[in-house]
**Student:** 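Sharing a structure, written as structure tokens. Questions coming.
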Amino acid sequence: MALIECVPNISEGRRPAIVEMLAGEARAVPGVRMLNHSADPSHNRSVFTMAGDRPGLKTAVLAMAWCAVRTIDMRSHQGAHPRVGAVDVVPFIPLGDTSMSECVALAQEVGRAIAERLNVPVYLYEEAAPREARRRLEDIRRGQFEGLAAKMKEPDWAPDFGPSAPHPTAGATVVGARRALIAYNVNLATDNLEVAKQIARAVRERSGGLRYVKALGLPLPHRGIVQVSMNLTDFTQTPIQAVFDRILGEATKSGVEVLESEIVGLIPEAALAATTPAALRLSEFSEAQILERRLADIQ
């Protein structure tokens, strides 16, 4: 069986019943295993990690998307994390001997189905992007849901599938295929958002920081602190410990303490080979968040 990982990010993190309903939709699909899911009220976002074969994952994603479109109204949605829709982003990641081309084909198939069945415009990104200019998720999300209607009127931002205007309550969805990444956050002992933004600029590749690091400074109002929220797109080139150490140094220069860090979803075992949870100040980390340990349960 060609095994594929899928990590839907859905714009709901404050209503536990809805989050559990979404997870239940995926758990009910034969051939799909829910490996991990978590919700963040400040981000107002849930991240689901599941694995399965192509038919199962397509069924699971469409069931989750149907549930999200019925229960989430982006017109009243507020959260710290950038987003363009109720089903914000759906990446497919090859596992084992599965090829990237299989994930690209699945992304295209699922993107087309979401557009046709739910009338939600869909953009393809990363390896599935038909144009290099639309490859980066952050470029597609720039302007967020609130700016989506105006953005979609521009010829360069017509969707790959679906209507030429946002769904009135569900916005748009981004679907793609990519390599594994680590969603990694570092929390700071301050409510000064500018400090988090300055540190994010110092560490992210696009601003001249560390290679393979994407970073934003975000508020966590439910805790009264701020966060450097990151995607580490190649931990073999820029190890997670190097990222933490750089943030620690930048925070020290700003006179701010690093409270803790956290992994959102799962992390490859090799990413922790040269460090420890204690060295990273990981909060509430368990071995159940190691990707290979969870995959062993379904193989």
Side-chain angles (χ1 to χ4, degrees), residues 7-12 43-45 47 61-62 64-66 68-70 72-92 100 103-179 181 183 193 197 200-201 204-208 212-219 229-231 233:
V7 190
N9 286 223
I10 295 180
S11 299
E12 177 55 68
H43 288 200
N44 202 2
R45 186 179 189 85
V47 178
V61 170
L62 290 176
M64 295 176 78
W66 179 258
V69 170
R70 285 189 295 117
I72 298 170
D73 188 339
M74 295 302 296
R75 295 172 298 182
S76 58
H77 182 276
Q78 294 182 331
H81 201 286
R83 74 285 184 270
V84 291
V87 184
D88 187 54
V89 60
V90 182
F92 294 100
M100 181 60 77
C103 291
V104 169
L106 180 56
Q108 294 169 340
E109 187 178 344
V110 169
R112 185 179 292 108
I114 289 173
E116 291 176 350
R117 300 184 192 185
L118 301 176
N119 205 35
V120 173
V122 172
Y123 292 93
L124 298 174
Y125 84 112
E126 283 286 352
E127 299 296 328
R131 288 181 281 164
E132 187 65 26
R134 298 257 283 260
R135 185 181 180 92
R136 296 171 68 99
L137 177 61
E138 56 267 41
D139 292 337
I140 298 173
R141 271 203 304 231
R142 188 166 292 114
Q144 301 201 53
F145 171 78
E146 290 75 12
L148 190 58
K151 185 173 187 174
M152 290 182 69
K153 291 178 181 178
E154 301 174 19
D156 287 344
W157 287 105
D160 294 298
F161 302 114
S164 58
H167 186 285
T169 60
T173 293
V174 188
V175 182
R178 60 165 173 77
R179 297 293 175 188
L181 59 75
L193 182 57
K197 289 182 175 181
R201 284 192 292 269
R204 66 176 171 237
E205 180 176 16
R206 207 169 189 179
S207 301
Y212 307 107
V213 175
K214 299 181 179 184
L216 292 171
L218 301 176
S229 179
M230 293 166 287
N231 283 337
T233 61

**Student:** Could you give the distance from CD (Glu116) to CZ (Phe161), rounded to the nearest 0.5 Å?
**Tutor:** 8.5 Å
**Student:** Measure from the side-chain N and O atoms of Ser11 to the backbone N and O of Gly85, and report whether any donor-acceptor pair falls under 3.5 Å.
**Tutor:** yes
**Student:** So, taking the atom named CG in Asp160 and the one named CG in Leu124, what distance separates them when rounded to the nearest 0.5 Å?
**Tutor:** 4.0 Å
**Student:** So Ile10 and Ile72, side-chain contact (heavy atoms from CB on, under 4.5 Å) or not? Walk me through it.
**Tutor:** CA-CA 9 Å; Ile10 295 180; Ile72 298 170; 3.6 Å; yes
**Student:** Would you say the side chain of Leu62 lies within less than 4.5 Å of the side chain of Ile114, judging by non-hydrogen atoms?
**Tutor:** yes
**Student:** Charged N to carboxylate O under 4.0 angstrom, Glu146 versus Arg83?
**Tutor:** yes
**Student:** Are the side chain of Tyr123 and the backbone of Trp157 linked by a donor-acceptor contact shorter than 3.5 Å?
**Tutor:** yes
**Student:** Does the Lys151 side chain pair with the main chain of Ile140, one donor and one acceptor, at a distance under 3.5 Å?
**Tutor:** yes
**Student:** Rounded to the nearest 0.5 Å, what's the gap from CZ on Arg136 to CZ on Arg206? Could you check?
**Tutor:** 4.0 Å
**Student:** Answer whether the closest heavy-atom distance between the side chains of Met100 and Arg179 falls below 4.5 Å.
**Tutor:** yes
**Student:** Any donor and acceptor pair, going by atom type alone, linking the side chain of Asp73 with main-chain N or O of Arg75 inside 3.5 Å?
**Tutor:** yes
**Student:** Out of Val47, Val175, Leu137, which residue meets the side-chain contact (heavy atoms from CB on, under 4.5 Å) rule with Val89?
**Tutor:** Leu137
**Student:** Indicate the atoms forming the closest heavy-atom contact of Leu148 with Val84, along with that distance.
**Tutor:** CD2-O, 3.7 Å
**Student:** How close do Pro121 and Pro163 get, heavy atom to heavy atom, and via which atoms?
**Tutor:** CB-O, 3.4 Å
**Student:** Are the side chain of Glu126 and the backbone of Ala177 linked by a donor-acceptor contact shorter than 3.5 Å?
**Tutor:** no
**Student:** Keeping the roles fixed (side chain from Arg134, backbone from Asp156), state whether a donor-acceptor pair exists under 3.5 Å.
**Tutor:** yes
**Student:** Can you tell if the side chain of His167 reaches within under 4.5 Å of the side chain of Leu118, non-hydrogen atoms only?
**Tutor:** no
**Student:** Quick one: are Val87 and Val120 in side-chain contact, heavy atoms under 4.5 Å?
**Tutor:** no
**Student:** According to the interplanar angle, ranging from 0 to 90°, do the rings of His43 and His81 count as parallel (below 30°), tilted (30 to 60°) or perpendicular (above 60°)?
**Tutor:** tilted
**Student:** Side chain to side chain donor-acceptor pair (under 3.5 Å) with Glu127: which residues, sequence neighbours excluded?
**Tutor:** Arg135
**Student:** For residues Ala133 and Asp139, report the shortest heavy-atom separation together with the two atoms involved.
**Tutor:** O-OD2, 4.4 Å
**Student:** Return the minimal non-hydrogen interatomic distance between Thr233 and Leu181, and the atom names on each side.
**Tutor:** CA-CB, 4.0 Å
**Student:** Walk me through whether Asn44 and His77 qualify under side-chain contact (heavy atoms from CB on, under 4.5 Å).
**Tutor:** CA-CA 8 Å; Asn44 202 2; His77 182 276; 3.3 Å; yes
**Student:** Would you name the heavy atoms of Leu193 and Leu218 that are closest together and state the gap between them?
**Tutor:** CD1-C, 3.5 Å
**Student:** If we only count heavy atoms from C-beta on, is the Arg178 to Tyr125 side-chain gap below 4.5 Å?
**Tutor:** yes
**Student:** How about NZ on Lys197, more than 12 heavy atoms from neighbouring residues, nucleotides or ligands closer than 6.0 Å, or not?
**Tutor:** no
**Student:** Quick one: closest heavy-atom pair of Met64 and Pro8, and the distance?
**Tutor:** SD-CG, 4.4 Å
**Student:** Should Val122 and Arg112 be marked as a side-chain contact (heavy atoms from CB on, under 4.5 Å) after you check the CA-CA gap, both sets of side-chain angles, and the distance that decides it?
**Tutor:** CA-CA 7 Å; Val122 172; Arg112 185 179 292 108; over 6 Å; no
